[in-house]
There are 2 protein chains.
Amino acid sequence: MIIEKAASQLEALGNVTRLQIYRALVRAGDDGLPVGRLQEKLEIPASTLSHHLKRLIDTGLVIQDRQATTLICTANYKHMNALIGYLADECCADAGCLKQTRETVA
Amino acid sequence: MIIEKAASQLEALGNVTRLQIYRALVRAGDDGLPVGRLQEKLEIPASTLSHHLKRLIDTGLVIQDRQATTLICTANYKHMNALIGYLADECCADAGCLKQTRETVA
DNA sequence: TTGTTATTTCCATGATTGTCGAAATATTGG
DNA sequence: CCAATATTTCGACAATCATGGAAATAACAA
């Protein structure tokens, strides 16, 4: 994980609307959610949602798969996991920090 | 942890320069680093650095303590830990995710 | 007090972001 | 092909961000 990638992913998540989108996708699980369903949930215009989704997709945090006319969005846990790992390993060094937690488990 | 706070902290870290600042502070440990030392390390103008530091301080990720004429900056692990916990708990649901790791340990 | 060092605040500027209506595109069913 | 649905792209605009030189402030030492 290079710092530029971590920063761009953090920035993508660093917006309330986008964080809500991501959280909704996580809660939807592996089945994901169609863009339209996301729109209903968040109650924002389609174009606004589309722009935010693009940001999340560009950074790899969200995946889109077309199913006929609808686009299904799913959270890319692998990338989120890598990001959390980066934060824990590179950016946390406290005794009560997750870094130790991870090392203990590993 | 409310979503607005998480988002603002993520946004603060979502910039390469600020992420470098934070990482440098983590590596400096509990002793922290004076602003001037940070400036040497990152090779950026003082005013630019000051602006970035302010962002990190405003979100609670960095603490500043005056020691005579120099200001010592330290990473606030507690807040970073809370942020990582939020991401792991609220925004990650995969089998290989830290969420399980944390639950196992706890 | 005055000078020195350390850092912030002020100010300006160009770049990026967030927002959203309207138009364009994609995919399928009939 | 054409109509209908789902979603993106275009275009525009205000708001915020990133940057950094210059001036202001803070703390001390002499």
Side-chain angles (χ1 to χ4, degrees), chain A residues 3-25 28 31-76, chain B residues 3-25 28 31-76:
Chain A
I3 196 168
E4 282 82 8
K5 182 168 186 181
S8 72
Q9 290 181 335
L10 289 166
E11 197 228 22
L13 294 171
N15 170 281
V16 173
T17 304
R18 285 195 295 272
L19 197 49
Q20 285 174 329
I21 292 171
Y22 191 83
R23 208 168 54 150
L25 293 181
D31 293 339
L33 277 181
V35 175
R37 195 64 54 86
L38 267 174
Q39 199 197 332
E40 288 168 15
K41 273 182 182 286
L42 303 181
E43 295 179 305
I44 56 177
S47 62
T48 303
L49 173 58
S50 188
H51 284 305
H52 284 307
L53 274 175
K54 183 170 168 20
R55 294 280 294 274
L56 289 167
I57 292 164
D58 285 347
T59 58
L61 289 167
V62 167
I63 298 169
Q64 241 178 10
D65 268 307
R66 186 173 280 280
Q67 219 135 77
T69 54
T70 70
L71 283 170
I72 309 290
C73 306
T74 48
N76 189 342
Chain B
I3 196 168
E4 283 82 7
K5 182 168 186 180
S8 73
Q9 289 180 337
L10 289 166
E11 196 228 24
L13 294 170
N15 170 282
V16 173
T17 304
R18 284 195 297 271
L19 196 49
Q20 285 174 328
I21 292 171
Y22 190 83
R23 208 168 54 151
L25 293 181
D31 293 339
L33 277 180
V35 175
R37 194 65 52 87
L38 268 175
Q39 199 197 332
E40 289 167 16
K41 274 183 182 283
L42 303 181
E43 295 178 304
I44 56 176
S47 63
T48 302
L49 173 58
S50 188
H51 286 306
H52 284 307
L53 274 175
K54 183 170 169 21
R55 293 280 293 273
L56 290 168
I57 291 163
D58 285 346
T59 59
L61 289 167
V62 166
I63 298 168
Q64 242 177 10
D65 269 308
R66 186 172 280 281
Q67 217 135 80
T69 54
T70 72
L71 282 170
I72 309 291
C73 305
T74 49
N76 189 343

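Lettering of chains follows the sequences in order, A, B, ..., and the numbering in each one begins at 1.
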Which value, rounded to the nearest 0.5 Å, describes the distance between B:Leu61 atom CG and B:Leu13 atom CG?
5.0 Å
Both B:Ser50 and A:Ile44 contact DNA chain C. Which one's nearest nucleotide lies toward the 5' end?
B:Ser50
Length of the [atom1]-[atom2] vector between [X] and [N], whole Å:
X: A:Ile72; N: D:dT5; atom1: CD1; atom2: P; value: 18 Å
X: A:Arg37; N: D:dT7; atom1: CZ; atom2: C1'; value: 15 Å
X: A:His52; N: D:dT8; atom1: NE2; atom2: P; value: 13 Å
X: A:Arg66; N: D:dT7; atom1: CZ; atom2: C1'; value: 7 Å
X: B:Leu49; N: D:dA18; atom1: CG; atom2: C1'; value: 13 Å
X: B:Leu71; N: D:dC28; atom1: CG; atom2: P; value: 11 Å
X: B:Asp65; N: D:dA27; atom1: CG; atom2: P; value: 13 Å
X: A:Gln67; N: D:dT7; atom1: CD; atom2: P; value: 11 Å

Please produce a list of atom pairs where a protein N or O lies less than 3.5 Å from an N or O of nucleotides 11-17 of chain D.
from   : atom 1 : to      : atom 2 : distance (Å)
D:dC17 : OP1    : B:Glu11 : OE2    : 3.4

Where chain A begins and ends its contact with DNA chain C, read 5' to 3' at 4.0 Å from heavy atoms:
C:dT17 to C:dT28
Counting heavy atoms not belonging to B:Glu43, are there more than 12 under 6.0 Å from its CD?
no
Given the options B:Ile21, B:Asp65, B:Val35, B:Cys73 meets side chain to side chain contact (heavy atoms under 4.5 Å, CB included) only with B:Val35
Report the residue from A:Ile57, A:Asp58, A:Leu56 that forms a side chain to side chain contact (heavy atoms under 4.5 Å, CB included) with A:Lys54.
A:Asp58
5'-most by nearest nucleotide on DNA chain D - A:Thr70 or A:Thr48:
A:Thr70
Less than 4.0 angstrom between a side-chain N/O of A:Gln39 and OP1 or OP2 of D:dA6, yes or no?
no
